[in-house]
Student: 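Take a look at this one; I'll ask things after.
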Protein chains: 6
Amino acid sequence: MPASNKVTLLGGSSNPNLTSAIAQTLGLTVGRCDVGRFPDGEIYAQLEEDVGGRHVVVVQSTSPPVNDHLVEILIIADACRRARAEHITAVMPYFGYARSDKRIGHGAIAARMVADLLQVVGVDQVITVDLHAPQIEGFFSIPVTNLTAVPVLSEALAAARSKDSLVIVSPDAGRMGAASIYAQQLGLPAVVLQKSRKSASEMEIKLLHGDPANKTCVIIDDMLTTGNTIVKSFEALLQAGPRPGFIVVATHGLFIAGAREKLTDLGVEEVYVTDTVSIRESDWSKLKIVSVANLIANEIMRVAG
Amino acid sequence: MPASNKVTLLGGSSNPNLTSAIAQTLGLTVGRCDVGRFPDGEIYAQLEEDVGGRHVVVVQSTSPPVNDHLVEILIIADACRRARAEHITAVMPYFGYARSDKRIGHGAIAARMVADLLQVVGVDQVITVDLHAPQIEGFFSIPVTNLTAVPVLSEALAAARSKDSLVIVSPDAGRMGAASIYAQQLGLPAVVLQKSRKSASEMEIKLLHGDPANKTCVIIDDMLTTGNTIVKSFEALLQAGPRPGFIVVATHGLFIAGAREKLTDLGVEEVYVTDTVSIRESDWSKLKIVSVANLIANEIMRVAG
Amino acid sequence: MPASNKVTLLGGSSNPNLTSAIAQTLGLTVGRCDVGRFPDGEIYAQLEEDVGGRHVVVVQSTSPPVNDHLVEILIIADACRRARAEHITAVMPYFGYARSDKRIGHGAIAARMVADLLQVVGVDQVITVDLHAPQIEGFFSIPVTNLTAVPVLSEALAAARSKDSLVIVSPDAGRMGAASIYAQQLGLPAVVLQKSRKSASEMEIKLLHGDPANKTCVIIDDMLTTGNTIVKSFEALLQAGPRPGFIVVATHGLFIAGAREKLTDLGVEEVYVTDTVSIRESDWSKLKIVSVANLIANEIMRVAG
Amino acid sequence: MPASNKVTLLGGSSNPNLTSAIAQTLGLTVGRCDVGRFPDGEIYAQLEEDVGGRHVVVVQSTSPPVNDHLVEILIIADACRRARAEHITAVMPYFGYARSDKRIGHGAIAARMVADLLQVVGVDQVITVDLHAPQIEGFFSIPVTNLTAVPVLSEALAAARSKDSLVIVSPDAGRMGAASIYAQQLGLPAVVLQKSRKSASEMEIKLLHGDPANKTCVIIDDMLTTGNTIVKSFEALLQAGPRPGFIVVATHGLFIAGAREKLTDLGVEEVYVTDTVSIRESDWSKLKIVSVANLIANEIMRVAG
Amino acid sequence: MPASNKVTLLGGSSNPNLTSAIAQTLGLTVGRCDVGRFPDGEIYAQLEEDVGGRHVVVVQSTSPPVNDHLVEILIIADACRRARAEHITAVMPYFGYARSDKRIGHGAIAARMVADLLQVVGVDQVITVDLHAPQIEGFFSIPVTNLTAVPVLSEALAAARSKDSLVIVSPDAGRMGAASIYAQQLGLPAVVLQKSRKSASEMEIKLLHGDPANKTCVIIDDMLTTGNTIVKSFEALLQAGPRPGFIVVATHGLFIAGAREKLTDLGVEEVYVTDTVSIRESDWSKLKIVSVANLIANEIMRVAG
Amino acid sequence: MPASNKVTLLGGSSNPNLTSAIAQTLGLTVGRCDVGRFPDGEIYAQLEEDVGGRHVVVVQSTSPPVNDHLVEILIIADACRRARAEHITAVMPYFGYARSDKRIGHGAIAARMVADLLQVVGVDQVITVDLHAPQIEGFFSIPVTNLTAVPVLSEALAAARSKDSLVIVSPDAGRMGAASIYAQQLGLPAVVLQKSRKSASEMEIKLLHGDPANKTCVIIDDMLTTGNTIVKSFEALLQAGPRPGFIVVATHGLFIAGAREKLTDLGVEEVYVTDTVSIRESDWSKLKIVSVANLIANEIMRVAG
């Protein structure tokens with residue numbers, strides 16, 4: 001799959017492996033750009049090849065450390081713009097601050113703010129994966145492609161497991177849309193849970209619909225952060241009858257605040273995530289990482305081929 | 001000094017003590033705004049009082065961790081704008097990324113980029129202290145007040161030391177402007193060093209003009225980061241004759257990469273910095289911290305009184 | 001409740017009665033502005049009083065005919081800006097195009113586009129009611145206040161009906177958030193339906209959770225347009241057991257495509273809507289219109305008082 | 001005349017026939033884009049082919065219903081921009097709101113506002129025909145091509161009529177420029193009328209210069225809307241001597257408010273207009289429609305060929 | 001007439017006398033602002049008083065040397081903006097480049113460009129007098145007030161001359177609107193001339209309507225530059241019958257390229273202009289200068305009082 | 001060196017010879033564009049060839065008369081933009097107002113303002129030579145290439161003079177960076193002077209470092225305007241010992257206020273400048289003009305080839 005000879009592919013520091021995989025799929029080498037830190041933590045980006053007149057594609061997830069990764073892509077984009085890049089496409093497999101998509105109390109709408117920051121430094125186009133809310137596309141004036149990893153995750157699950165005993169679990173009624181897509185793609189029934197807040201710090205999850213009994217529950221979500229939603233979801237499923245089996249499928253695996261340990265303690269069988277967030281998998285046998293490199297490479301071909 | 005009843009003073013997490021000191025000088029209490037982090041490191045800001053129709057002043061240095069502090073003030077500003085603040089003044093006592101004020105190779109101009117970020121989230125005006133280069137004011141379309149801490153630092157030095165044996169040392173010819181102001185304010189002679197690069201990673205400092213012999217050398221600079229410039233400067237002074245005494249005066253004290261230890265090892269007598277960067281002083285007797293709270297409070301009075 | 005003497009309240013042609021009611025609550029007279037059509041349908045707006053230096057509040061829902069109402073408020077705003085209005089607040093009780101809040105296929109995001117149009121003609125601030133999706137606030141750079149009519153609708157229902165036999169019905173899992181607020185405010189149980197698409201032109205609604213048997217079902221929604229969702233919802237409820245009673249509560253009552261007749265035929269007992277959309281109520285005894293005039297007047301007081 | 005293979009030609013709902021004619025001239029097929037209305041009158045546009053990287057040309061007059069046609073082209077443009085069109089050219093054969101080109105009293109300048117709306121949704125360039133005032137080009141920052149249909153109208157007239165008895169009539173001194181072009185192109189003398197306002201609702205037209213006696217008067221104008229100007233003009237000509245014959249030539253034929261009937265009653269011999277505004281001609285033998293399809297196709301070739 | 005205590009009145013170098021007269025009418029002193037040139041011709045502006053929070057009104061015509069006067073007001077505005085002026089009103093009694101209000105061939109639209117320049121440096125509002133074309137107001141997004149000097153010029157003429165033998169002459173049909181206003185205000189008949197181009201460098205003026213015989217012809221125009229239009233107009237009048245008397249009335253008197261001499265040679269009786277353009281009147285008895293100071297001062301009162 | 005067939009090279013009136021030389025190097029003819037003045041001094045630009053879809057390169061220094069040259073390039077750019085140029089590169093060999101790169105007192109930052117003006121008329125990219133301060137690049141959002149003429153000036157000097165007796169003189173410590181580059185390129189020692197202000201109108205220059213005795217002093221600077229800095233520098237050198245010889249090397253030779261005479265009187269041996277500013281050299285044998293045509297042509301090739 002040879003990419004256009006106008007494309008220069010650059011990578012920030014968030015996802016070096018994914019960037020390499022995309023480059024390989026496109027038959028490119030990753031462009032030389034020295035991105036680093038001064039002793040005081042300020043970021044610099046030094047382009048080591050000429051991007052003048054080129055369609056520059058910058059791969060950078062704004063995964064943790066989110067602010068460093070965000071400022072890094074802004075600085076890379078500024079360097080590209082000033083070096084006369086013709087077009088700058090930001091590939092942000094994981095789009096941080098996406099959950100701040102509406103005002104809570106007297107707060108900010110950080111996702112809109114991030115959209116403005118990217119545009120003000122000259123980003124012309126964004127490619128992302130399983131955006132937390134589709135409305136975020138409307139926070140931009142520039143084109144946004146919101147790819148979905150659900151098919152590749154579904155395929156990986158289908159390849160590894162017999163579908164006989166599986167059931168898709170939506171951890172909240174608001175996630176039923178996504179759950180339906182998994183259910184439809186895999187030909188599985190769906191179980192719906194309902195999340196509600198008991199207090200500012202405490203949430204409660206209850207079974208709303210469906211029957212998990214004697215099934216292996218595939219709890220799906222767009223992102224897996226602290227694992228708390230999964231834990232509560234599984235507890236709700238446990239109360240519904242005989243102990244079910246338990247698999248987790250999510251596009252973005254952040255695994256913070258002891259998420260791995262919590263899931264292991266609960267007896268999770270497998271955890272499927274993609275490489276939108278860079279992740280150490282070496283020592284956790286339950287973790288299955290599905291790459292979005294082809295998905296993204298195809299889209300780069302489409303928009304810049 | 002009662003401030004205008006239209007002012008709400010808010011503080012980010014960079015300089016709580018300075019913010020309090022400014023508030024006290026203005027006879028205000030610091031406005032309630034909950035600024036914090038989600039488990040994944042994303043920042044939130046929650047205004048806990050109504051800023052609608054108010055002139056909001058947000059105090060936040062973009063000192064290390066610079067990217068966190070930068071995104072924090074952007075988020076606070078976005079929250080204020082959406083909560084109908086009439087005017088947002090960013091007080092940034094230390095303005096990070098200021099040394100990226102011109103393009104080096106094929107890099108970014110991060111200081112200009114930061115100016116754009118602040119403006120795109122709705123900041124109407126900036127107040128800062130001893131900006132690394134005065135041209136940075138031109139990176140903004142909005143008004144910028146660049147205060148100087150040189151008088152308060154000069155006064156502190158004059159109050160503590162006899163001027164008899166002192167000489168002001170400029171660590172580079174390019175800093176002579178600032179050195180001249182100190183020299184003039186204190187009625188002292190100036191010694192000029194010249195910095196040059198021997199290679200990408202090595203710099204050299206030599207005596208260019210003046211006589212440090214038998215003097216206590218007051219090496220001045222706008223910021224004290226790793227201390228390397230000071231170390232090299234003092235070594236150049238040592239080579240010029242009998243071992244002189246040695247004081248450091250700088251507006252912004254970042255003290256990273258073992259700066260304290262280096263200066264102590266060299267036998268520094270005293271180090272004067274301001275509180276534009278928040279600093280632990282408890283256990284280092286040589287450190288003299290001079291507050292810019294009054295300086296800033298006066299300017300807030302002038303622009304919003 | 002005397003409004004600020006800096007406010008001039010203007011109304012477009014969408015909601016003359018609501019505009020008058022707001023004016024009365026604020027102790028103002030509606031400002032003189034001749035808005036009309038040329039023979040070819042082009043809209044003109046002629047300010048007949050001086051708005052120079054005034055905070056102009058323009059009341060205009062973008063209810064059908066949506067494009068005429070939209071262009072009308074843009075033209076009024078342009079006239080105000082050119083006549084030196086100091087601040088323009090658009091009060092849009094019903095915000096048309098709100099359902100186009102994300103891209104479907106290769107379509108537009110019309111709600112974002114409308115946000116841009118309002119801003120480009122100089123609108124400084126928006127006040128609206130029960131916005132279809134809270135993310136739309138993020139389509140604006142300017143402050144948006146999204147009021148909710150749920151409390152006044154709840155009160156009206158509570159005042160008119162015994163709560164004994166009532167149950168709140170959410171016509172889709174995605175509306176459960178709103179349904180929960182009604183349920184909580186009225187102390188009622190909730191029934192959840194689930195909407196799904198069988199084909200491009202056909203949707204299906206099924207009971208997902210809860211028990212409507214022997215109850216009077218209060219089907220809630222943010223807007224009532226063709227009534228089709230209500231019809232399908234009630235059919236789903238009918239299949240769940242003995243014929244329940246049936247009430248509809250929605251903020252925005254557009255009543256197009258024979259909605260009244262459909263609901264009457266189904267035996268609806270009462271229909272509660274607000275006056276965000278101007279409506280003829282004279283001859284339909286089942287229709288209960290609850291005014292949002294106080295709600296909006298209070299907010300105008302808050303932002304411009 | 002083969003068009004560039006980068007052009008996608010789309011049409012809004014205003015001028016389907018003209019759009020087809022342009023496409024045919026260019027050897028293109030009209031791009032597939034489903035433009036329609038939801039039951040509540042909101043417009044949607046769904047691109048049914050990939051416009052990514054294409055030069056999209058959208059043909060849409062903002063003829064009545066002007067606001068629907070205007071919002072329609074805005075929505076089509078937004079869809080194209082978000083689908084990564086490289087360049088969007090709006091072909092607006094009739095540019096509505098053009099007569100609102102200056103402020104009357106405390107009104108809007110709607111033509112400038114329309115220019116802003118088109119630009120804010122991403123239109124890169126405009127092609128139009130016989131713009132009411134050439135200054136409107138200056139309302140745009142983007143390039144505008146203002147084509148003229150006078151030559152094709154002149155040719156049609158010359159082909160149909162002997163020039164012997166014809167005289168060109170300018171209905172107002174302010175239109176003399178256009179009249180002179182017709183007169184020059186056809187080698188005919190010109191008669192000048194003068195329009196003045198007697199009151200807000202009444203205008204008066206008088207003969208200012210020239211002799212219409214025993215001539216067939218070709219009354220020219222840029223647009224024919226209600227026909228009132230023509231009626232008054234002909235009445236002024238009637239008072240000047242023996243009853244002259246009477247032809248009307250105008251670029252834009254809107255024919256509203258009974259214009260056809262008024263002209264027929266007055267005994268008009270022929271009415272020449274172009275297809276910038278879509279028009280039913282079937283049953284009115286006096287109407288001669290001259291197409292601007294070639295004119296526009298040539299310009300599209302020039303800017304996108 | 002005491003002006004608001006928030007107004008600071010500044011003047012560029014174009015009209016010092018008019019600026020003083022406006023200040024005097026408003027009971028203000030002209031603000032201290034040192035505007036000058038470096039030896040290489042670069043302009044500087046140095047505010048010598050604090051404009052922070054003030055409504056700054058800058059009086060500057062862009063009369064010849066037009067580019068110097070234009071850049072001067074841009075620089076003054078930039079200085080005011082950076083010094084925290086709250087609002088900047090540009091009073092431009094003569095608005096240069098106004099005749100470049102539409103594209104001729106492949107040229108610029110300089111009047112629109114000037115509008116953009118003023119806005120980009122932070123001008124919030126413009127006040128001008130007898131703008132060459134009213135559409136220029138639409139070149140701005142900010143409010144523009146287009147005052148007219150016709151009443152004060154009419155009054156001056158009426159006070160000095162018996163109306164018995166006067167007739168108003170419009171030098172072109174396109175100026176008839178302005179001529180009508182003079183005619184109406186003075187109760188005089190109008191004579192209409194018609195200007196046409198014989199070649200690129202030669203124009204021709206002919207009598208179109210009216211009878212100048214035995215009258216004193218008051219040739220009116222908005223600006224008097226080279227006087228060529230007046231000369232040609234008078235020649236056309238001479239051919240129409242017995243030699244008439246001859247007066248010129250124009251708002252803007254630029255008097256370049258020997259205009260005075262040409263008019264004197266033709267036997268002009270009086271020339272009425274205003275002080276929108278600064279002018280030496282000392283030694284030319286025929287010149288009558290009518291001040292617009294009151295007109296402008298009243299408007300400043302209205303917008304900033 | 002054949003340039004891209006997409007480039008149209010235009011020249012303003014500042015540097016016709018340099019423009020021709022660049023064109024010749026690129027194998028192009030200078031595009032036809034009639035730039036001139038109306039009798040009142042207003043500038044017009046008339047493109048006499050089609051620039052639609054072309055990369056237009058406009059050569060124009062903003063040398064004296066700076067404001068005329070500045071407005072001229074703005075008008076040319078506006079004409080190009082409206083004629084559908086695809087890309088506009090402003091080649092400004094001498095960038096006027098560059099010394100106004102920071103705020104002095106309450107003044108403007110004219111260099112930033114000029115950057116904004118260029119961008120608002122549609123300039124996409126700037127190429128300049130030896131910009132007074134590198135930070136000015138950060139005043140632009142668009143790419144800026146800051147070429148340096150130091151190598152070609154060094155070569156010219158080296159070709160003409162034996163290096164034996166030469167020494168490079170920096171007229172101020174702040175210019176040492178540039179001096180070092182000359183010194184390094186030519187393998188010469190450097191002498192450093194120090195400029196200081198005695199009062200607002202009087203400056204003083206003293207020897208800070210180095211030994212000019214018995215040398216020919218090559219005083220370098222970025223621009224040579226009034227010659228006063230050179231005069232004072234040479235006087236300081238004279239005081240340092242036996243009368244040295246004396247050469248001046250500067251990129252931009254403005255020669256105003258009698259600069260030639262002053263230098264001649266002092267006994268200057270040679271003056272090397274480039275043709276960034278158009279200059280009469282005929283009658284002054286000491287003047288050596290080094291062309292930057294190749295330097296600029298190479299860069300045009302790089303960015304548009």
Side-chain angles (χ1 to χ4, degrees), chain A residues 97-117 119-120 126 128 131-146 170-181 183-184 190-198 204 206-210, chain C residues 97-117 119-120 126 128 131-146 170-181 183-184 190-198 204 206-210:
Chain A
Y97 282 109
R99 278 166 303 176
S100 179
D101 63 343
K102 52 183 167 288
R103 208 150 63 110
I104 308 292
H106 296 295
I109 304 182
R112 165 65 196 256
M113 190 193 79
V114 169
D116 286 340
L117 303 188
Q119 288 174 99
V120 87
V126 171
T128 186
L131 209 45
H132 182 67
Q135 285 89 351
I136 291 172
E137 193 174 343
F139 291 175
F140 289 88
S141 297
I142 54 175
V144 174
T145 308
N146 182 17
S170 171
D172 183 49
R175 282 281 132 197
M176 266 199 68
S180 304
I181 298 172
Q184 201 168 355
V191 165
V192 186
L193 308 179
Q194 175 63 15
K195 198 192 285 193
S196 57
R197 297 232 146 259
K198 289 171 70 176
E204 188 180 45
K206 285 198 282 200
L207 181 67
L208 187 70
H209 175 79
Chain C
Y97 282 109
R99 278 166 303 176
S100 178
D101 62 344
K102 51 182 166 289
R103 209 150 63 108
I104 307 293
H106 296 296
I109 305 182
R112 166 63 196 258
M113 190 193 79
V114 169
D116 285 341
L117 304 188
Q119 287 173 98
V120 88
V126 172
T128 185
L131 210 44
H132 183 67
Q135 286 89 350
I136 291 172
E137 192 174 344
F139 292 175
F140 289 88
S141 297
I142 54 174
V144 174
T145 307
N146 182 17
S170 171
D172 183 50
R175 282 281 133 197
M176 265 200 67
S180 302
I181 298 172
Q184 201 167 356
V191 166
V192 185
L193 309 179
Q194 175 62 16
K195 198 192 286 193
S196 57
R197 297 232 146 260
K198 288 171 72 175
E204 189 179 44
K206 286 198 282 201
L207 181 66
L208 187 72
H209 176 79

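Numbers restart at 1 for each chain; the letters A, B, ... are given by sequence-line order, proteins then strands. Everything quoted here is computed from the prediction, not taken from an experiment.
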Student: In residues 105-114 of chain A, which residues are in contact with chain C at a heavy-atom separation under 4.5 Å?
Tutor: A/Ile109, A/Arg112
Student: Looking at C/Arg103 and A/Val144, what are the two nearest heavy atoms and their distance?
Tutor: NH2-O, 3.5 Å
Student: Between A/Lys102, A/Gln135, A/Arg175, which shows the greatest number of heavy-atom pairs under 4.5 Å with chain C?
Tutor: A/Gln135
Student: Taking the side chain as C-beta and beyond, is there a heavy-atom pair between C/Met176 and A/Leu208 under 4.5 Å?
Tutor: yes
Student: Of the backbone (N, CA, C, O) and the side chain (C-beta and beyond), which part of C/Ser141 lies under 4.5 Å from a heavy atom of chain A, both, or neither?
Tutor: both
Student: Nearest 0.5 Å please: distance from the NE2 atom of A/His209 over to the CG atom of C/Leu207.
Tutor: 9.0 Å
Student: Between OG of A/Ser196 and CD of C/Gln184, what distance do you get to the nearest 0.5 Å?
Tutor: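 Between atom OG of A/Ser196 and atom CD of C/Gln184 there are 9.5 Å.
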